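The structure appears right after this line, and notes come after that.
We name chains A, B, ... by the order of the sequence lines, and we start the count at 1 in each one. On a predicted model such as this, the values are computed, not experimentally measured, just so you know.
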Amino acid sequence: MHNINYIRENPTEFDNAMKLRGEKSISTKILEIDKVKRETQTVLQNILSERNKLSKEIGNLKSKNKDANEQISKVEELKIKINSLKELENIKENELNSILIRLPNIPHKSVPNGKDESDNLLYREWGSKPEFSFSPKLHYEIGENIGLINFEYATKLSGSRFVTLKNQISKLERSISNFMLDKHTEENGYVEYSVPFLVKKESLFGTGQLPKFGEDLFTAGDDHWLIPTAEVPLTNLVRNEILNINQLPMRSTSYTPCFRSEAGAAGKDTRGMLRQHQFTKVELVSVVEPHQSDDELERMLTCAESILKDLNIHYRVMTLCNGDMGFSAKKTYDIEVWLPGEGKYREISSCSNCGDFQARRMNARYKNEDKNFFVHTLNGSGLAVGRTLIAILENYQMEDGNVEIPEVLIKYFNNKTLL
RNA sequence: GGAGAGAUGGCUGAGCGGUUGAAAGCACCGGUCUUGAAAACCGGCAACGGGGCAACUCGUUCGUGAGUUCGAAUCUCACUCUCUCCGCCA
């Protein structure tokens, strides 16, 4: 949600920022509505003030048993005006809001220009592509060969874009998530939460999924929606709160399933378990003071990277261009892991600074020296567990079809070193 | 699912239809005292919006939305949520 004051004062900058994100110039329209709204408000408030005065007079007169008919009939006249002005104010307010809630965040000045993922910039990379003395297989070949990844079962149960994992691979998934949570809670300063996987509209509005992106979500009837990421419950923890400054920065993490309809991805990544309707993820969320959010994004990125470093898997970090960023993001880094079987880098984490964009939607503030300010919110995957599993299978595969267990996971895997 | 109770400021909690934006306590901020801290005492302290360079001023807000009234935290209706008891149940 945008600050109307910013648009009033910087209409050209605002339009330019929206243009970068593929929106039309709209500040003129916004300011026109805003002007009418405020003018209406001023007139209305003067009349209300007059009514309040008269009502007090009436109270005084009546308590002294004097006649107040003159004042009463005056107020009755005012009431007609009040009603029509209120109606106009409401209409304008709604018009304004329905525009503002659908506009994406303004990109950070450091975000590169571009229209899609081909314009993203390499930020840094770590490690190098592993060498194989044989031709490395794809994750689903490895898993299906040993009978531990099964798509037919999942299709029978639930249709396309689901998977069943079995035995050691299922256990490996569990080991990965435990490792990630321990790392983030014990070393990276995040507090673990168990959160609901069903949330209401209001929460999805707060983080920006609604009202524009409802088709990407699954519903469970009434006002219950399946979370597409733990960003939604974790970030909404501070919705409608006024935090004390000493509660910041607030860093939280949660391991949850995520549900996405993948509405726009027909035919994309249909083989394997890369793109599923359901997957698990360890999410990181930070709530910070405005001046901290730039640094916090770098910190969060480092925390996410620390997982892949510990797993010793090669990756690169991309700075997303403004055309490729999500709705609520001001700046986003993607971590792309190297998948030898596929011979491609694939997104395994996305870390975003949302500035005060979500905070305004959620009305999440903190108190500093007696004044209230909107917090800044950040979120990042730390990491997508299913894709980490894929990365381990492909990077740690051996010629005989077995897979080594990365050193840091061994203790989570009953001290076994092979799958 | 059945029965009952409730929703007030950052929190707890008062509140006859007319200076109630709202008592009191806690928390927080400032001050006195103290070598320092604590305690004690004194003072301050809701949010959002409109107008104004500003001092300031006006409006709205007591779960949400309608209604009654000249005037609603206070009355009426609907909805949402929370709690207690019963039933069912991991």
Side-chain angles (χ1 to χ4, degrees), chain A residues 1-9 30-101 194-206 210 219-225 233 236-248 250 257 287 289 356-375:
Chain A
M1 186 85 118
H2 292 286
N3 181 357
I4 184 75
N5 278 321
Y6 176 83
I7 305 176
R8 275 179 206 150
E9 283 158 28
I30 290 174
L31 294 180
E32 203 181 286
I33 300 169
D34 178 55
K35 191 174 165 230
V36 176
K37 191 200 108 186
R38 281 194 293 167
E39 283 169 356
T40 310
Q41 224 169 351
T42 306
V43 178
L44 172 65
Q45 289 181 357
N46 287 337
I47 298 178
L48 285 173
S49 166
E50 207 177 319
R51 182 204 63 185
N52 291 346
K53 272 184 207 139
L54 285 168
S55 287
K56 271 183 191 166
E57 273 180 46
I58 294 167
N60 272 329
L61 289 170
K62 288 212 164 176
S63 67
K64 291 173 191 154
N65 272 324
K66 287 185 184 165
D67 175 68
N69 284 336
E70 192 189 330
Q71 284 78 357
I72 290 178
S73 66
K74 267 192 199 165
V75 173
E76 269 165 352
E77 271 173 51
L78 292 180
K79 268 174 95 173
I80 301 165
K81 284 192 202 163
I82 289 172
N83 285 337
S84 66
L85 285 168
K86 267 190 184 165
E87 204 178 320
L88 181 61
E89 192 200 8
N90 264 332
I91 290 170
K92 290 297 156 188
E93 177 118 44
N94 290 339
E95 268 180 54
L96 191 60
N97 265 337
S98 72
I99 294 173
L100 291 179
I101 62 176
S194 277
V195 294
F197 307 149
L198 296 176
V199 294
K200 44 188 180 181
K201 265 195 220 84
E202 228 179 320
S203 300
L204 289 157
F205 176 84
L210 290 178
T219 334
D222 300 327
D223 190 15
H224 286 142
W225 301 66
N236 275 280
L237 290 175
V238 298
R239 191 177 73 216
N240 283 328
E241 299 280 334
I242 299 179
L243 302 166
N244 197 308
I245 189 166
N246 59 30
Q247 291 175 266
L248 303 177
M250 186 183 273
V287 177
E289 290 178 67
D356 64 6
F357 187 81
Q358 295 179 321
R360 286 179 185 278
R361 295 180 150 248
M362 295 190 299
N363 199 23
R365 294 158 294 168
Y366 73 102
K367 197 176 274 296
N368 186 12
E369 285 172 3
D370 262 8
K371 287 178 80 178
N372 295 330
F373 301 92
F374 288 110
V375 295

When the P atoms of B/U20 and B/C33 are compared, how many Å lie between them, rounded to an integer? 36 Å
Taking B/C77 as the reference, what is the distance to B/U68 when you measure between their P atoms (whole Å, please)? 15 Å
Expressed as a whole number of angstroms, how long is the span from A/Tyr366:OH to B/C28:C1'? 16 Å
My understanding is that only residues two or more places apart in sequence, or in another chain, count here; which of them pass side-chain hydrogen bond (donor to acceptor under 3.5 Å, both in side chains) with A/Asn363? A/Arg365
Could you tell me if the side chain of A/Ile101 sits less than 4.5 Å from the side chain of A/Leu210, heavy atoms only? no
Measure from CG on A/Asn46 to C1' on B/G59 and round the result to the nearest Å. 9 Å
Flag, side chain of A/Asn236 to backbone of A/Ser203, donor-acceptor distance under 3.5 Å: yes
Does any pair with a residue in residues 75-91 of chain A pass side-chain hydrogen bond (donor to acceptor under 3.5 Å, both in side chains), and if so which ones, sequence neighbours excluded? A/Gln41-A/Glu89
Once you round it to whole Å, what is the distance between C1' of B/A27 and CG of A/Asn244? 9 Å
From CG of A/Leu61 across to C1' of B/U19 the rounded distance in Å is 15 Å
Suppose you measure atom P in B/U57 against the same atom in B/G21; what distance do you get, rounded to whole Å? 15 Å
Could you tell me which residues satisfy salt bridge (Lys or Arg N to Asp or Glu O under 4.0 Å) with A/Asp34, sequence neighbours excluded, listed by chain and number? A/Arg8, A/Arg38
Between atom CG in A/Leu44 and atom P in B/G59, what is the gap in whole Å? 11 Å
Measure the distance from CG on A/Asn52 to C1' on B/C58 and round it to the nearest whole Å. 10 Å
Atom C1', compared across B/C16 and B/C41: separation rounded to whole Å: 36 Å
Excluding sequence neighbours, so at least two apart, what forms side-chain contact (heavy atoms from CB on, under 4.5 Å) with A/Gln247? A/Leu243, A/Asn244, A/Met250
B/G6 versus B/C62 - spacing of their C1' atoms, nearest Å: 14 Å
Which residues satisfy the side-chain hydrogen bond (donor to acceptor under 3.5 Å, both in side chains) test with A/Lys92, sequence neighbours excluded? A/Glu95
P spacing across the pair B/U12 / B/A27, given as an integer number of angstrom: 15 Å
Taking atom C1' of B/U19 as reference, at what distance in whole Å does atom CD of A/Glu57 sit? 14 Å
Using side-chain contact (heavy atoms from CB on, under 4.5 Å) as the criterion, list what pairs up with A/Leu237, not counting sequence neighbours. A/Tyr193, A/Leu234
Identify the stems formed by RNA chain B, where each pair is Watson-Crick or G-U wobble with both distances under 3.5 angstrom and a stem is at least 3 consecutive pairs. B:1-7 with B:80-86, B:10-12 with B:24-26, B:28-32 with B:40-44, B:46-51 with B:56-61, B:63-67 with B:75-79
Set of side-chain hydrogen bond (donor to acceptor under 3.5 Å, both in side chains) partners for A/Asn372, sequence neighbours left out: A/Lys367
Distances for protein N/O vs nucleotides 61-70 of chain B N/O pairs under 3.5 angstrom?
{"from": "B/C70", "atom 1": "O2'", "to": "A/Ser55", "atom 2": "OG", "distance (Å)": "3.3"}

What pairs of residues pass the side-chain hydrogen bond (donor to acceptor under 3.5 Å, both in side chains) test when at least one of them lies in residues 49-58 of chain A, not counting sequence neighbours? A/Glu57-A/Gln71
I'd like the C1' distance from B/U82 over to B/A90, given in whole Å. 23 Å
Residues in side-chain contact (heavy atoms from CB on, under 4.5 Å) contact with A/Asp223, at least two apart in sequence or another chain: A/Lys200, A/Lys201, A/Trp225
How far apart are the closest heavy atoms of A/Ile58 and A/Val75, and which atoms are they? CD1-CG2, 4.3 Å
Per-nt protein contacts along nucleotides 46-57 of chain B (heavy atom under 4.0 Å; B base, S backbone sugar-phosphate only, - none) come out as -SSBBS------
For atom P, what is the distance between B/C42 and B/G59, given to the nearest Å? 34 Å
